[in-house]
Amino acid sequence: PRKTTEANIANFTRQIKSLGFSYDWSRELATTDPDYFKWTQWIFLKLYNSWFNPETNKAESIDTLKFPADCTTEEKQRAYRDSKRLAYVSEAPVNWCPELGTVLANEEVIDGKSEVGGFPVIRKPMLQWMLRITAYAERLLNDLDTIDWTDSLKEMQRNWIGRSEGAEVDFQIAGSSFKTTVFTTRPDTLFGATYMVLAPEHKLVDQIIPSVWPEGTPVDWKGGTANQRSSSIDQSSIVANQPSSFVAPKDGFATPTEAIKAYRAFAAGKSDLERTELAKDKTGVFTGAYAINPVNGEKIPIWIADYVLASYGTGAIMAVPAHDTRDFEFAKKFNLPVIQVVQPTDSKTDWQGFTDDGVSVNSGFITGLSTPEAKAKISAWLEEQGVGEKTINYKLRDWLFSRQRYWGEPFPIIWKKDAAGNLYHEALPESALPVLPPTLEDYKPTADGQPPLARAAGWVNLPDGSTRETNTMPQWAGSCWYYLRYLDAKNNSAFVGKDAENYWMKSGGEKPGVDLYVGGTEHAVLHLLYARFWHKVLFDLGQVSTAEPFFKLVNQGLILGEDGQKMSKSRGNVVNPDDVLAEFGADAFRLYEMFMGPLQDTKPWNTRGVEGVYRFLGRVWRLFVDEKSEVEFEQAETTTDASKQGELLKLIQLSPAIKDIAATSAQLKTLHTCIKKVTEDLDGMRFNTAISAMMVFVNEAMTWEVKPVAVLREFLQLLAPFAPHLAEELWSRLSTISQQPSTSLTYAAWPKFDPALLVENEIEIPVQVNGKLRDVIKIATTASQAEMETAALASEKIKAAIAGKTVKKVIVVPKKMVNLVAV
RNA sequence: GCCAGCGUGGCGAAAUGGCAGACGCACGGGACUUAAAAUCCCGGGACCUUAAAAAGUCGUGUGGGUUCGAGUCCCACCGCUGGCACCA
């Protein structure tokens with residue numbers, strides 16, 4: 001992997017340099033370099049040694065965490081700390097991708113497939129490292145308002161974080177001491193809850209089964225006993241309506257316990273992909289238990305169904321089929337009662353499946369209230385009664401941070417055994433950094449998820465009997481903070497020096513952070529979310545001085561293949577920059593990419609378009625160079641004899657039309673119009689229109705018999721950011737004529753435009769009759785409104801257009817237009 | 001299904017509510033050339049009329065609205081792109 005990476009870096013570096021980009025190479029870094037990832041590991045230690053204090057809403061050192069009274073033993077205290085750390089270990093079902101041989105973060109799974117490669121992902125319980133990004137959900141959401149990103153990108157992050165306000169409501173389980181809590185965004189519909197659904201994995205299922213169906217009392221599933229059976233539940237339909245992959249016995253299950261077991265197995269075995277595909281078809285089984293609705297004491301049946309997710313809210317819901325689409329589908333399928341509790345304000349709308357706000361009905365003390373009022377009143381009531389409270393839920397999950405890869409930063413963590421023989425983890429000291437990976441012959445992933453590093457026994461086992469963590473960090477770790485390292489790339493004593501950090505990150509004043517970050521939207525909920533999270537932790541710990549890493553972010557559009565499709569090897573529509581450069585040169589390549597259209601737009605590549613800008617660069621060349629001497633140039637281009645080539649190139653003469661004389665006012669106007677446009681367009685990153693302005697200038701300048709050198713010099717400065725090679729070459733040639741020093745164009749100050757030179761004496765303005773263009777008249781710029789009106793009425797065409805009509809009204813926009821309203 | 005964004009010539013695209021199509025590509029005609037390439041000049045939304053033009057009509061996804069005036073603002077719909085998706 002190191003060899004491949006180094007070869008790739010060399011190739012990219014060569015390509016970037018061949019394009020003539022002005023990077024500061026003294027700040028170059030590689031996330032794979034131990035001098036760099038030492039600090040990645042160092043930041044991990046910061047995360048490991050911190051906890052999120054909900055009272056201060058900030059990360060703090062783990063040392064500030066106070067132990068609860070019952071944490072008396074060392075083991076208990078360690079376990080308590082470990083449960084609060086920002087980096088923690090969790091044994092839970094994770095996204096396992098067999099093809100890649102590694103686990104993946106939620107953000108890396110798209111439609112049940114891996115983001116890289118598109119391979120199937122399944123759920124598998126594994127011991128993995130997690131980062132507590134959920135603690136930052138609120139700040140990650142709120143601080144989006146402080147940064148200058150596109151709305152669509154902010155919206156993607158908002159959706160991913162997925163904040164929703166609602167209430168938690170406690171339900172007592174009938175005939176037992178158990179209770180469970182559901183989360184709902186619609187507490188106002190509580191009176192319409194006709195059943196409850198638990199996620200198949202829900203803990204309560206294990207508790208209520210033995211309580212409702214005591215061991216050793218087999219019950220006929222289809223019959224049940226009177227108090228366990230709901231007349232509204234058609235047991236036979238339960239069996240009949242299961243999907244084919246959930247095989248139920250023909251006569252139903254002998255006991256509900258069996259049915260529940262079978263259903264849980266069925267739900268657990270589904271891959272993410274299957275879950276998505278089967279999403280339309282509701283499945284579930286009745287547990288036999290009932291819950292008591294706290295608002296009216298009604299007994300409602302408890303079901304388990306996989307449309308309720310264990311990982312969101314409380315893993316349990318109150319189902320209100322009348323006003324929730326999913327509950328409605330489920331209730332229809334299993335013949336569960338549907339009770340209306342919300343009346344649409346629009347009388348034409350059917351209340352069945354109505355999920356919007358309306359007015360509460362059949363709802364006791366909240367009947368007649370509008371939905372927001374009803375929510376507020378019932379929430380207050382629930383809190384008063386001690387059976388519920390307002391809460392906020394987020395869709396965001398903690399970040400699965402470990403991978404089963406050889407090529408990743410090793411965790412600075414070792415495992416030890418306590419007195420009872422239980423394993424626990426411990427951080428290595430900062431002095432142990434960087435933790436280097438061992439050299440391995442076989443670094444490939446394993447089929448069972450065992451990390452490749454586990455093969456290096458000599459590396460894993462330490463003399464004191466402890467063992468090293470063998471998982472590695474994901475590729476995001478290194479990219480989470482690289483922008484900070486750019487500020488101080490060679491610092492050996494800190495991840496970034498305080499002064500450097502302050503100087504660069506605060507240089508924007510009111511716009512703190514990276515001034516401008518250009519990148520694709522594919523990182524919306526990956527890199528851009530992770531980096532914000534790390535940055536906020538570093539901010540809380542006093543390591544950086546801004547709350548956000550990237551102040552302004554611009555998404556460049558994707559360049560599609562010539563066929564309008566995404567470039568891909570399989571389609572054979574990939575454009576290799578090396579080929580374009582070989583044929584047209586770096587300047588044409590750069591110019592074309594900027595000329596294609598707005599930076600943010602997705603647009604197809606068109607080689608003909610490259611030829612177009614190449615031709616433009618040719619025109620620029622001929623604007624400066626004597627056309628007769630071009631013969632020499634062509635010969636020089638084709639000759640292979642280097643010394644002869646040099647001689648021929650020397651013969652190329654500047655155009656005799658270029659003279660060191662004062663420019664006419666028309667020439668200055670042409671130049672300054674161009675300076676204004678290019679300057680403003682560069683600021684707004686409208687490169688396409690800036691280039692078109694330069695084309696207009698060149699088209700005009702080509703017609704000049706005498707070309708003042710000062711005008712051409714300034715034009716070259718405008719061209720330089722776009723086509724630096726050609727601009728610099730012509731700039732140095734011009735120095736033979738003008739008295740200006742021949743220093744590099746790079747150091748010349750950007751030209752300023754003079755508004756006084758752009759003033760027009762006479763302008764053409766359109767004259768409309770009833771909004772339709774009828775004539776264009778020339779008029780002095782200083783003309784008054786009355787003069788404009790008079791001039792418009794004097795036009796023969798206008799006279800003809802209003803003949804036989806009465807002019808009712810005249811609209812005059814100074815320096816813009818005249819419109820006559822005539823009837 | 002939900003959220004966001006976008007619909008302008010044959011194509012990439014311009015256009016603070018004020019001359020729609022700048023600039024470029026493709027195309028047509030001409031000059032130069034023995035010829036071609038390169039280069040230079042001219043033309044160019046559609047329709048109607050014409051030998052040619054002028055003039056005229058229509059035209060920014062569709063239908064409505066606001067306005068003296070709409071590609072631009074508002075409402076509804078259609079289509080495309082991106083994102084999310086059983087998140088209670």
Under the rule for salt bridge (charged side-chain N to carboxylate O under 4.0 Å, His left out), what residues qualify as partners of Lys669(A), not counting sequence neighbours? Glu760(A)

Please check if the distance between the ring centroids of Phe330(A) and Tyr307(A) is under 6.0 Å. yes

Nearest whole angstrom, please: distance from the C1' of C84(B) to the OH of Tyr312(A). 14 Å

C1' gap between C32(B) and A38(B), integer Å: 11 Å

For RNA chain B, whose closest nucleotide is more 5', that of Phe183(A) or that of Pro604(A)? Pro604(A)

What's the CZ-P distance between Phe616(A) and U39(B), to the nearest Å? 14 Å

Hits for salt bridge (charged side-chain N to carboxylate O under 4.0 Å, His left out) against Lys390(A), two or more places apart or cross-chain, chain-then-number order -> none

Under the salt bridge (charged side-chain N to carboxylate O under 4.0 Å, His left out) rule, collect the residues that match up with Lys332(A), sequence neighbours excluded. none

Taking atom P in both A54(B) and C47(B), what distance in whole Å separates the two? 16 Å

What string of B, S and - do you get for nucleotides 3-9 of chain B 5' to 3' if you count protein non-hydrogen atoms under 4.0 Å? SS-----

Classify the nucleic acid contact of Ser164(A) as base, sugar-phosphate or nothing, counting any heavy atom under 4.0 Å across all strands shown. sugar-phosphate

Give one of base, sugar-phosphate or nothing for Lys603(A), where a contact means two heavy atoms less than 4.0 Å apart. sugar-phosphate

Side chains of Tyr614(A) and Asp587(A) only: does a donor on one sit below 3.5 Å from an acceptor on the other? no

Pairwise P distance, C80(B) and G69(B) [rounded to whole Å]: 35 Å

Lys332(A) NZ to C86(B) C1': how many Å, rounded? 15 Å

Relative to the ring of Trp303(A), is the ring of Phe334(A) parallel (under 30°), tilted (30 to 60°) or perpendicular (over 60°)? tilted

Interatomic distance at P, G17(B) relative to C86(B), whole Å: 41 Å

Need the glycosidic conformation of G9(B): syn if within 90° of 0, anti if not. Which one? syn

Span that lies between the C1' atom of G9(B) and that of G59(B), in whole angstrom: 10 Å

Between Thr283(A) and Tyr263(A), does any side-chain donor sit less than 3.5 Å from a side-chain acceptor? yes

Under 3.5 Å, which donor-acceptor pairs link side chains of residues 601-608 of chain A to any protein atom two or more places apart or in another chain?
| unit_1 | atom_1 | unit_2 | atom_2 | d |
| --- | --- | --- | --- | --- |
| Lys603(A) | NZ | Pro598(A) | O | 2.8 |
| Lys603(A) | NZ | Asp601(A) | O | 2.6 |
| Trp605(A) | NE1 | Thr607(A) | OG1 | 3.3 |
| Asn606(A) | OD1 | Arg608(A) | N | 3.0 |
| Thr607(A) | OG1 | Glu562(A) | OE1 | 3.4 |
| Thr607(A) | OG1 | Glu562(A) | OE2 | 3.4 |

Residue Lys676(A) excluded, over 12 heavy atoms near NZ under 6.0 Å: no

Would you write out the dot-bracket form of RNA chain B, 5' to 3', with Watson-Crick and G-U pairs under 3.5 Å, [ ] for crossing pairs, | for pairs to other strands and . for unpaired bases? (((((((..(((.....[....))).(((((.......))))).(((........)))..(((((..]....))))))))))))....

Counting side-chain heavy atoms from C-beta on, which of G82(B), A88(B), C40(B) comes nearest to Met156(A)? G82(B)

Just checking, is any N or O donor in the side chain of Glu107(A) or Trp399(A) under 3.5 Å from an acceptor N or O on the other one? no

Residue list, side chain to side chain contact (heavy atoms under 4.5 Å, CB included) with Ala322(A), at least two apart or on another chain: Val338(A), Trp351(A)

Span that lies between the C1' atom of A14(B) and that of U60(B), in whole angstrom: 12 Å

Taking the nucleotide of RNA chain B with the closest heavy atom to each, which residue, Thr184(A) or Lys677(A), is nearer the 5' end? Lys677(A)

Should the heavy atoms of other residues, nucleotides or ligands under 6.0 Å from CD of Glu583(A) be counted, would the total exceed 12? no

What integer number of Å spans the C1' atoms of A22(B) and G71(B)? 15 Å

Could you tell me how far apart Lys772(A) (NZ) and C19(B) (P) are, to the nearest whole angstrom? 16 Å

Answer yes or no: is there a side-chain heavy-atom contact under 4.5 Å between Thr150(A) and Leu553(A)? no

Applying side chain to side chain donor-acceptor pair (under 3.5 Å) to Asn393(A) and Ser164(A), what does each step give before you reach the verdict? CA-CA 5 Å; Asn393(A) 259 304; Ser164(A) 66; 5.7 Å; no

Expressed as a whole number of angstroms, how long is the span from Glu562(A):CD to C11(B):P? 16 Å

From CG of Asp601(A) across to C1' of C80(B) the rounded distance in Å is 14 Å

Is there any protein nitrogen or oxygen under 3.5 Å from a nitrogen or oxygen in nucleotides 21-25 of chain B, and what are the pairs?
| unit_1 | atom_1 | unit_2 | atom_2 | d |
| --- | --- | --- | --- | --- |
| G24(B) | OP1 | Asn699(A) | ND2 | 3.1 |
| C25(B) | OP1 | Arg615(A) | NH1 | 3.1 |

Name the atoms and distances for all side-chain donor-acceptor pairs under 3.5 Å in residues 691-698 of chain A, with sequence neighbours left out.
| unit_1 | atom_1 | unit_2 | atom_2 | d |
| --- | --- | --- | --- | --- |
| Ser692(A) | OG | Thr689(A) | O | 3.4 |

Does a side chain donor of either Ser360(A) or Asp188(A) reach within less than 3.5 Å of an acceptor in the other side chain? no

Heavy atoms within less than 4.0 Å of RNA chain B: which residues of residues 774-781 of chain A have one? Give them sorted by number. Arg774(A), Val776(A)

Rounded to whole Å, please give me the gap between CH2 in Trp160(A) and C1' in G82(B). 15 Å

Atom pairs and distances, donor-acceptor, side-chain atoms in residues 802-817 of chain A, under 3.5 Å, two or more places apart:
none

Got a salt bridge between Glu329(A) and Lys333(A), using NZ or NE/NH1/NH2 to carboxylate O under 4.0 Å? no

Which whole number of Å gives the distance between the C1' atom of G61(B) and that of C78(B)? 7 Å

Minimum-distance nucleotide (side-chain atoms of Lys816(A) versus G18(B), A88(B), C86(B)): G18(B)

Distance check needed: A88(B) P versus Asp306(A) CG, whole Å only. 17 Å

Examine the base of C84(B) for any acceptor or donor lying under 3.5 Å from a partner atom in the side chain of Lys395(A), and report the outcome as yes or no. no

Where do N or O atoms of nucleotides 67-71 of chain B meet protein N or O atoms at under 3.5 Å, pair by pair?
| unit_1 | atom_1 | unit_2 | atom_2 | d |
| --- | --- | --- | --- | --- |
| C68(B) | O2' | Asn819(A) | ND2 | 3.2 |
| C68(B) | O2 | Asn819(A) | ND2 | 2.5 |

